[in-house]
Amino acid sequence: MPRRLPPFQPLLAFDAVVRHRSFTRAAAELGVTQSAISHQVRRLEQHFGVTLLERQNPGLDLTAEGRALLPELAASLDALGALDAHVRRAARQRTLRISASTALCNWWLIRRLPRFTAQHPSIALEFVPREAAPTTDKPVDLRISWVLANEARRTTTQTPLFREQVFPVCTPALRPALSSPEALLLLPLIHKDADQTSEWSWDTWFRRLGLKRAAATGGGIRLGEIGLCLAAAAEGTGVALGRSLLVSDAIADGRLARLFPDGPVMESRKIYVARWPAELSADKDAQSFVRWLAEEAERTCGAAVA
């Protein structure tokens, strides 16, 4: 016996009208005329045999029947959205597409991926450089972003992952025997383009260390990306301001060292977060990767400042 189902397009029209509280904005969202939206809503009311909306001048309001329908309709549309994501994921053979910065991938993440694939052999991973993600035609399942702390709250489509500390790093060979703040005055500096009042500014660090910036004689270079700054520091070019997570492996391997092993650190004003589309909120593969990422960060983030 066939299912008795309400007409789908009128359901979409009703949902859009209720969300926007406007026939005009609902029509714009669905790409049809205002009269078409009005016709679809009336068709739905005829199907149910009840009035769902009270049309006012101006505006509109839900009837008791409309309010009763709304939560069931929202849950049904959310379920259809999840079904779409499930089918797309199955067609992609359970491949998670992840956007992350090249610095995070190169300096920390890539080395740890074999552990994830060993724990989750059925989940394939595809990484898209964060810089290229806006131009790609394929949808991204997860975005690993570095955002200001006030943007990092937990929501249904976002979770905070880890916060780093910032401190000067250089090659062990470049680090002076006496790790006093004045040693910084004689070393070349690697500058990262940033807000000159932030923890990424050498002026901020000179004030923190009680040094007069005008006395520095080492010169330096300016680079626009943290990965380049760390690479230059690892080659002995000068002293860079490093982030604890990104430099943890390089310090353990001896490629980099803290300039002042027992010196000050500054907490980064930005936090890494994982973000995903609403339809993937209950996706087990995406959430498995987010949990694993947070666990790996917790395991390693303190290594560079221990």
Side-chain angles (χ1 to χ4, degrees), residues 100-112 129-131 146-149 162-272 297 299-306:
S101 70
T102 53
L104 181 66
C105 290
N106 291 338
W107 285 88
W108 182 76
L109 184 56
I110 294 298
R111 178 178 288 195
R112 288 160 177 79
R130 187 185 64 196
E131 299 80 4
W146 198 47
V147 302
L148 291 172
F162 41 83
R163 191 171 196 160
E164 296 172 285
Q165 293 177 312
V166 179
F167 45 79
V169 294
C170 61
T171 60
L174 193 62
R175 187 171 67 183
L178 296 176
S179 57
S180 63
E182 288 74 16
L184 189 58
L185 298 172
L186 303 175
L187 297 174
L189 304 180
I190 299 171
H191 302 265
K192 177 182 179 294
D193 286 336
D195 176 4
Q196 294 305 301
T197 64
S198 75
E199 67 275 15
W200 295 106
S201 164
W202 277 116
D203 287 338
T204 299
W205 274 89
F206 271 75
R207 288 193 298 271
R208 175 72 180 271
L209 295 169
L211 301 174
K212 293 184 178 180
R213 179 65 182 88
T217 59
I221 62 172
R222 186 172 297 277
L223 299 168
E225 194 265 331
I226 182 63
L228 294 176
C229 293
L230 297 180
E235 293 297 326
T237 304
V239 183
L241 291 170
R243 297 193 337 232
S244 53
L245 192 82
L246 296 189
V247 301
S248 58
D249 289 344
I251 289 176
D253 296 343
R255 290 176 288 148
L256 288 174
R258 287 183 60 180
L259 180 64
F260 307 123
D262 301 317
V265 300
M266 292 189 189
E267 190 173 61
S268 173
R269 292 193 295 176
K270 290 188 174 182
I271 298 176
Y272 274 108
R299 181 186 302 178
T300 62
C301 198
V305 294

Mind telling me whether Phe162 and Tyr272 have parallel, tilted or perpendicular rings, with 30° and 60° as the class edges? tilted

With rounding to the nearest 0.5 Å, note down the distance linking [atom1] in [X] to [atom2] in [Y].
{"X": "Asp253", "Y": "Ser248", "atom1": "CG", "atom2": "OG", "result": "9.0 Å"}
{"X": "Thr102", "Y": "Glu225", "atom1": "OG1", "atom2": "CD", "result": "4.5 Å"}
{"X": "Arg269", "Y": "Arg163", "atom1": "CZ", "atom2": "CZ", "result": "10.0 Å"}
{"X": "Leu228", "Y": "Lys192", "atom1": "CG", "atom2": "NZ", "result": "10.5 Å"}

Report yes if some heavy atom in the side chain of [X] is under 4.5 Å from a heavy atom in the side chain of [Y]; otherwise report no.
{"X": "Leu259", "Y": "Phe167", "value": "no"}
{"X": "Trp205", "Y": "Leu189", "value": "no"}
{"X": "Arg243", "Y": "Trp200", "value": "yes"}
{"X": "Cys229", "Y": "Leu241", "value": "no"}
{"X": "Arg258", "Y": "Ile251", "value": "yes"}

Between Ser101 and Trp146, is there a side-chain donor-acceptor contact under 3.5 Å, judged purely by atom types and distance? no

List for me each residue that meets side-chain contact (heavy atoms from CB on, under 4.5 Å) alongside Ala250, sequence neighbours excluded, and say none if there are none. Trp107, Arg255, Leu256

Taken in chain and number order and not counting sequence neighbours, the residues that satisfy side-chain contact (heavy atoms from CB on, under 4.5 Å) with Thr171 are Ala173, Leu174

Looking at Ala103 and Leu246, what are the two nearest heavy atoms and their distance? O-CD2, 4.0 Å

Please check: side-chain N/O of Thr204 versus main-chain N/O of Ser198, any donor-acceptor pairing under 3.5 Å? yes

